[in-house]
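Just so you know, these numbers come straight off a predicted model, no measurement behind them.
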There are 2 protein chains.
Amino acid sequence: MNKEELIKQTAKELFFSKGYLHATTQEIADAAGVNRSLINYYFRSRDLLFQTVYREAVDSLKSQLDKVLYDKIDFQAKISLFIDVYMKELLKYPYRESFLITEICSKNFALKEKKKSAALVHFLKEVGEEMDKGTIKKGDPIQFMFNLFALMSFPVIMKPLYQKLLDISQEKYNTLIAERKQIILDQIFN
Amino acid sequence: MNKEELIKQTAKELFFSKGYLHATTQEIADAAGVNRSLINYYFRSRDLLFQTVYREAVDSLKSQLDKVLYDKIDFQAKISLFIDVYMKELLKYPYRESFLITEICSKNFALKEKKKSAALVHFLKEVGEEMDKGTIKKGDPIQFMFNLFALMSFPVIMKPLYQKLLDISQEKYNTLIAERKQIILDQIFN
DNA sequence: TTAATGTTTAACAATTTTGTTAAACAACAA
DNA sequence: TTGTTGTTTAACAAAATTGTTAAACATTAA
């Protein structure tokens, strides 16, 4: 892998996987095994590296949604597939969304462009139709989407805290996460 | 309010309410309207201020749980009350848990002591009993707890991102959040 | 009043983090 | 070969952030 890509991937590793949102350029360089100046050579500044990582995170998030949510398959199968795809990514990058939130909340971050996800809008429409059909309980499709994402993401994101609060081992927690898919499906389609 | 308390409250405001996890001591001092040296006077170092805020966040989280989860009231009423209490706090401090996670993930943070929550353990036992009674669907009480916290917290935490992805206004989003309680109760007790 | 104690501030010092530069190095074409 | 281009590094410079100090200030007790 070329160094530019290596730096980006390492930054994502630190931010999204390790949840180390305070990483300095030196720490990123060390983790990547490259000279810190290379970060400035390829990205000009720390801030531009962050912006690049941010943009790619949003893009990859959206392209993931695209990949599944446009599929013309049975709704129940689509949800099942979606949970598979999304939770696989969650386990790899549990803190990606947390990074995005932190950056959005950060002062110097002014992203003017619209980042609306067409795939999500399309999915919400489909959810509405399934509610009419009676496949799932009626309600606001957005709330259905909230429920779905919440049930997948939150236990993964909160792992370090819940492990402390409940004194649960790594293995036990991983087992609990692995069981989530079926639990979510039960919740949705009871 | 005395300055020491003011500094702590302001730090919590920045971290927990605004989600501004990168705040410097100068920014905290400015937001509090005090001289930055006061932070060193009262807390010795930036790190100790962070540790203090962290500890108080964990303690207040646990004491909140205590306040509700030990109540000897009907289970359904207890859940209803718990959602009220917890979501009220969530709206005030949406990023408190995110701050905790970020600090736990941060390298220099080695919290050795057990922070296990007796109230949660007690609650899990009660959930198990209610499952036996048939009030709620059978399963692992921890998973029930995961569902409950996820459904409350996640849509609140992800507000900035979901507003972008779905192009939703402040008012609309707030309305959606306000509707959450009933939706969660429906999910749980269908 | 003075003395003692705690609080607050500005100025300074130290440290950490980031950014720049020039030179070394590598690959490759002319 | 030489020259050109892009890559990598160390050394340096600049900026940002944190920590320390001494003096000013306030409050209260003796």
Side-chain angles (χ1 to χ4, degrees), chain A residues 1-57 95 98-99 102-111, chain B residues 1-57 95 98-99 102-111:
Chain A
M1 184 165 23
N2 70 60
K3 302 278 174 87
E4 180 173 4
E5 196 58 28
L6 176 64
I7 290 169
K8 270 194 311 201
Q9 293 309 319
T10 306
K12 289 176 185 173
E13 191 75 21
L14 286 176
F15 297 148
F16 306 164
S17 298
K18 304 233 188 333
Y20 188 40
L21 306 186
H22 298 317
T24 65
T25 53
Q26 185 65 64
E27 287 168 320
I28 296 170
D30 288 350
V34 305
N35 189 290
R36 184 177 57 85
S37 290
L38 272 195
I39 293 179
N40 292 301
Y41 177 69
Y42 284 116
F43 301 95
R44 297 258 307 284
S45 73
R46 173 194 150 92
D47 200 56
L48 284 176
L49 170 61
F50 271 61
Q51 282 185 36
T52 303
V53 168
Y54 176 93
R55 183 169 307 271
E56 291 193 6
Y95 304 108
S98 304
F99 171 85
T102 301
E103 290 303 304
I104 294 173
C105 289
S106 163
K107 272 217 247 0
N108 9 344
F109 207 86
L111 201 61
Chain B
M1 186 168 19
N2 69 59
K3 302 281 173 86
E4 180 173 5
E5 196 59 27
L6 175 65
I7 290 169
K8 269 194 312 203
Q9 292 310 317
T10 306
K12 289 176 185 173
E13 191 75 20
L14 285 176
F15 297 148
F16 305 164
S17 299
K18 305 234 187 338
Y20 188 42
L21 305 185
H22 298 317
T24 66
T25 54
Q26 185 65 65
E27 288 169 319
I28 296 169
D30 288 350
V34 306
N35 189 290
R36 184 177 57 86
S37 290
L38 272 195
I39 293 178
N40 292 301
Y41 177 69
Y42 283 116
F43 301 95
R44 297 259 307 282
S45 71
R46 172 193 151 93
D47 200 57
L48 284 176
L49 170 61
F50 272 60
Q51 282 186 38
T52 304
V53 168
Y54 176 93
R55 183 169 308 270
E56 291 192 7
Y95 304 109
S98 304
F99 172 84
T102 302
E103 290 303 304
I104 294 172
C105 289
S106 163
K107 274 219 250 344
N108 9 344
F109 207 86
L111 200 61

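Taking only side-chain nitrogens and oxygens, Lys3(A) never comes nearer than 4.0 Å to OP1 or OP2 of dT7(D).
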Listing, residues 36-44 of chain A side-chain donor-acceptor contacts under 3.5 Å, not counting sequence neighbours, or none:
residue: Arg36(A); atom: NE; partner: Gln26(A); partner atom: OE1; Å: 3.3
residue: Ser37(A); atom: OG; partner: Asn35(A); partner atom: OD1; Å: 3.4

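Considering CG of Asp47(A) and OG of Ser106(A), their distance stands at 8.0 Å, rounded to 0.5 Å. With rounding to the nearest 0.5 angstrom, the CG atom of Leu49(B) is 7.5 Å from the CD1 atom of Ile7(B). Considering OH of Tyr54(A) and CG of Leu48(A), their distance stands at 15.0 Å, rounded to 0.5 Å.
Between Glu4(B) atom CD and dT7(C) atom P the separation is 9 Å, expressed in whole Å. In this structure, the NE2 atom of His22(B) is 14 Å from the C1' atom of dT17(C), given to the nearest Å.
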Show the numbers, then the answer: is there a side-chain hydrogen bond (donor to acceptor under 3.5 Å, both in side chains) between Gln9(A) and Glu13(A)? CA-CA 6 Å; Gln9(A) 293 309 319; Glu13(A) 191 75 21; over 6 Å; no
Would you please test Cys105(A) and Tyr95(B) for side chain to side chain contact (heavy atoms under 4.5 Å, CB included) and show each step? CA-CA 10 Å; Cys105(A) 289; Tyr95(B) 304 109; 3.8 Å; yes
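For Ala23(B), the side chain to side chain contact (heavy atoms under 4.5 Å, CB included) partners two or more places apart in sequence, or in a different chain, are Leu14(B), Phe15(B), Tyr20(B), Glu27(B), Ile28(B). Under the side-chain hydrogen bond (donor to acceptor under 3.5 Å, both in side chains) criterion, Arg46(B) pairs with no residue at all, not counting sequence neighbours. With sequence neighbours excluded, no residue forms a salt bridge (charged side-chain N to carboxylate O under 4.0 Å, His left out) with Lys3(A). The side chain to side chain contact (heavy atoms under 4.5 Å, CB included) test applied to Glu56(B) returns Lys8(B), Lys12(B), Thr52(B), not counting sequence neighbours.
Here Tyr42(B) lies in heavy-atom contact (under 4.0 Å) with sugar-phosphate atoms only.
Nearest nucleotide to the Asn40(B) side chain, out of dT20(D), dT8(D), dG6(C): dT20(D).
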Would you mind building the protein contact string for nucleotides 11-17 of chain D? One character per nucleotide, 5' to 3', B for base within reach (heavy atoms under 4.0 Å), S for sugar-phosphate only, - for untouched. B-----S
Atom pairs, protein N/O to nucleotides 23-28 of chain D N/O, distance under 3.5 Å:
none

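Non-hydrogen atoms lying under 4.0 Å from DNA chain D are contributed by nothing in residues 28-35 of chain B.
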